2 protein chains.
Amino acid sequence: MKDNAKDKFVRTWGEMASCWGINKTMARIHALLIAADAALSTDEIMERLEISRGNANMNLRALVDWGLIRRVSVGSERREYFQADQDIWSMGCRIARERKKREIEPVIVALEECLKESGDPRFNKKISELLELVKTVDSVLGRLARQERSTVMPKVLAVLKTMA
Amino acid sequence: MKDNAKDKFVRTWGEMASCWGINKTMARIHALLIAADAALSTDEIMERLEISRGNANMNLRALVDWGLIRRVSVGSERREYFQADQDIWSMGCRIARERKKREIEPVIVALEECLKESGDPRFNKKISELLELVKTVDSVLGRLARQERSTVMPKVLAVLKTMA
DNA sequence: GTTATCTTTCATATATTTCTGAAAGTATGA
DNA sequence: TCATACTTTCAGAAATATATGAAAGATAAC
C-alpha cells in the first residue's frame, strides 16, 4: 500500500464499517477493490491488507453475497480474481437493496405480529405509527434499489428543496 | 414482562440492534420505554430486562444522548424516571439526525481529504462519484431530520410513485 | 492415477464489545 | 454534620465477534 490517498480510503472505509453494522475487514476489502484499477487475487488482497487466507476467503464470499464485488477470471489462469462493481450508483442501489432486506423487512414482519397479538389499544397505536414510519423507509429504499442507474436521489433532493 | 406482544416488541427491537450498529440492551430499553404507558425508573428497567445497574445507567445515558428518551421527575420523588419520545415521527427525525452525524458526515470529510491528497485521476473519479452519492444521502437525511413533525416522507413517496 | 495449484472449512486463538457489581460520588434534608 | 437515597464510575468477568493457519477439498493438466 504505497499510495497514501488510497490507503486512507481503505482505512476510512474500514473504520466506518462498525457504524454500518458490517465487519471491518469486509469494508477494507471492498475499499481496496473500489480503488484498484484491475481485479485482484485472494493472495494480493491477503498481502496488501495483511490478513489470513481464511479471513480473506470469508469476507470475499460475504461481499459477493451482497453483490458488491464479483469473481472474474483473468486470461487462462486458474486463480480467481475479484473486482468491485465499477458503477458507484449501482453499488449504492445494491447496498440499499441489501439493507432493506436485512434491516427493514424483518422489522415489518415482527411489528405486524405484535400488532396482531396485542389487545392494548395504546400500544397498538404506537406500533401502528412505527409500522407506518418503517414502511415508508422501506418503500423509499425499495424504489431506490430498483433503479438501474440511479437518477432517483437527485430527483428526491430537488423535490425536498421545494419544500422545507 | 407479562404482555406477550410488548415482550416480543422489546425482543425484536433488541435483535435488530446489531443491524443498526447499536447495542442490544440500548435497543431493548428504548423499546421498553416506547411500549410503557408511564415513565420508568432505573430500578424498574433493571428488573424488567434483568440487567445490572451499571449497564442500565450506561445505556440510558446513550439513549438520552441520542435524544430518544428523556429524564423526567415524578411528583416530588428524588428518583429519576425515563420516558421515550411519544411522537414516533419525531423519533424518526432524531434517528435520521444522529445517523447522519455519526455515519455520513465523517465519511464526507474523509473522502474529501482523499480527493485532495490523490493525484490519480482514475481514483479521483471514483471518489468523486462516491462523494456525490454520499452527499445526496446526507442531504436527504438532513432535510428529513430538520422537520419537526415529519410530513416529508409521505411526500417523497408520492413523488417517487410518479416516476418508477 | 498423480501432482500441482488453488479454494474452502473449521477448531482454536485473539480481539473487541458488553456486562457486572461493588465502591465512590452526589444531592437532600433532618 | 450525618444519614439516607439515589447515580455514576470502573476494573475485571463474561460474552461475542473476528481472525488464524493447517488440513481437507476441489479442479485441472499431465
Side-chain angles (χ1 to χ4, degrees), chain A residues 1 10-11 13-33 38-66 68-83 102-103, chain B residues 10-11 13-33 39-66 68-83 102-103:
Chain A
M1 191 66 57
V10 171
R11 212 170 338 105
W13 225 234
E15 281 158 9
M16 290 308 298
S18 68
C19 284
W20 293 80
I22 68 167
N23 131 345
K24 184 175 160 170
T25 302
M26 182 172 156
R28 291 203 302 150
I29 295 176
H30 188 209
L32 183 64
L33 290 174
L40 301 179
S41 69
T42 301
D43 290 78
E44 287 169 317
I45 293 166
M46 283 166 60
E47 192 191 339
R48 296 180 69 171
L49 299 182
E50 299 182 328
I51 59 176
S52 71
R53 186 169 301 283
N55 194 7
N57 185 71
M58 178 177 71
N59 286 296
L60 284 166
R61 176 138 37 84
L63 282 165
V64 170
D65 236 54
W66 273 69
L68 293 174
I69 68 174
R70 59 182 202 286
R71 296 167 197 274
V72 294
S73 37
V74 170
S76 62
E77 271 195 84
R78 172 96 154 277
R79 189 191 312 241
E80 292 184 49
Y81 284 75
F82 296 89
Q83 187 165 46
R102 291 163 200 245
E103 301 179 16
Chain B
V10 171
R11 212 170 338 105
W13 224 235
E15 281 158 10
M16 290 308 297
S18 68
C19 285
W20 293 78
I22 68 166
N23 129 346
K24 185 175 158 170
T25 302
M26 181 173 156
R28 291 203 302 149
I29 294 176
H30 189 208
L32 183 64
L33 290 175
L40 300 179
S41 70
T42 302
D43 289 79
E44 285 169 318
I45 293 165
M46 284 166 60
E47 193 190 340
R48 296 180 71 169
L49 300 181
E50 299 182 327
I51 59 176
S52 72
R53 185 169 302 282
N55 193 9
N57 185 70
M58 179 177 70
N59 285 295
L60 284 166
R61 176 140 35 84
L63 282 165
V64 170
D65 236 53
W66 273 69
L68 293 173
I69 67 174
R70 59 182 202 286
R71 296 168 197 273
V72 294
S73 38
V74 169
S76 60
E77 270 196 84
R78 174 97 152 274
R79 187 189 313 239
E80 292 184 48
Y81 284 76
F82 296 89
Q83 187 165 46
R102 290 164 200 244
E103 301 179 16

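First the proteins, then the strands, lettered A, B, ... as listed; each starts at 1. All of these numbers come straight from a predicted model, not from anything done at the bench.
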How many whole angstroms separate atom [atom1] of [X] from atom [atom2] of [N]?
X	N	atom1	atom2	result
B:Arg28	C:dC19	CZ	C1'	12 Å
A:Asn55	C:dA15	CG	P	13 Å
B:Met46	D:dC6	CE	C1'	12 Å
A:Ile51	D:dT18	CD1	C1'	11 Å

Worksheet item: So, is B:Thr42 near the phosphate of D:dC6, with a side-chain N or O under 4.0 Å from OP1 or OP2?
Response: no
Worksheet item: Would you say D:dT18 has OP1 or OP2 under 4.0 Å from some side-chain N or O of A:Thr25?
Response: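 So the side chain of A:Thr25 is outside the cut-off, no N or O lying under 4.0 Å from OP1 or OP2 of D:dT18.
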Item to complete: For each nucleotide in nucleotides 1-6 of chain C, reading 5' to 3', give B when a protein heavy atom comes within less than 4.0 Å of its base, S when such contact involves only the sugar-phosphate, and - otherwise.
Response: ---BBS
Close side-chain approach of [X] to [Y], heavy-atom, < 4.5 Å:
X	Y	result
B:Leu60	B:Glu80	no
B:Arg48	B:Leu40	yes
A:Trp13	A:Leu32	no
A:Ile45	A:Leu33	yes

Practice prompt. List in chain and number order the residues that pass side-chain hydrogen bond (donor to acceptor under 3.5 Å, both in side chains) with B:Arg61, two or more places apart in sequence or in another chain; answer none if no residue qualifies.
Written response: none
Worksheet entry | Gap separating the CE atom of A:Met26 from the CG atom of A:Leu63, nearest 0.5 angstrom | 4.5 Å
Worksheet entry | Sorted by number, the residues of residues 57-65 of chain A with heavy-atom contact under 4.0 Å to DNA chain D |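 Result for residues 57-65 of chain A: A:Asn59, sorted by number.
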By side-chain contact (heavy atoms from CB on, under 4.5 Å), which residues pair with [X], not counting sequence neighbours?
X	result
A:Val74	A:Glu77, A:Tyr81
A:Asn55	A:Thr25, A:Ile51, A:Ser52, A:Met58, A:Asn59
A:Glu50	none

Fill in: Along DNA chain C (nearest heavy atom to each residue), the more 5'-positioned of A:Phe82 and A:Ser18
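Checking each residue's closest nucleotide, the 5'-ward one belongs to A:Phe82.
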Discussion item. Under 4.0 Å, counting only non-hydrogen atoms across every strand here, what does B:Asn23 touch: a base, just sugar-phosphate, or nothing?
Written reply: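 Result for B:Asn23 = sugar-phosphate.
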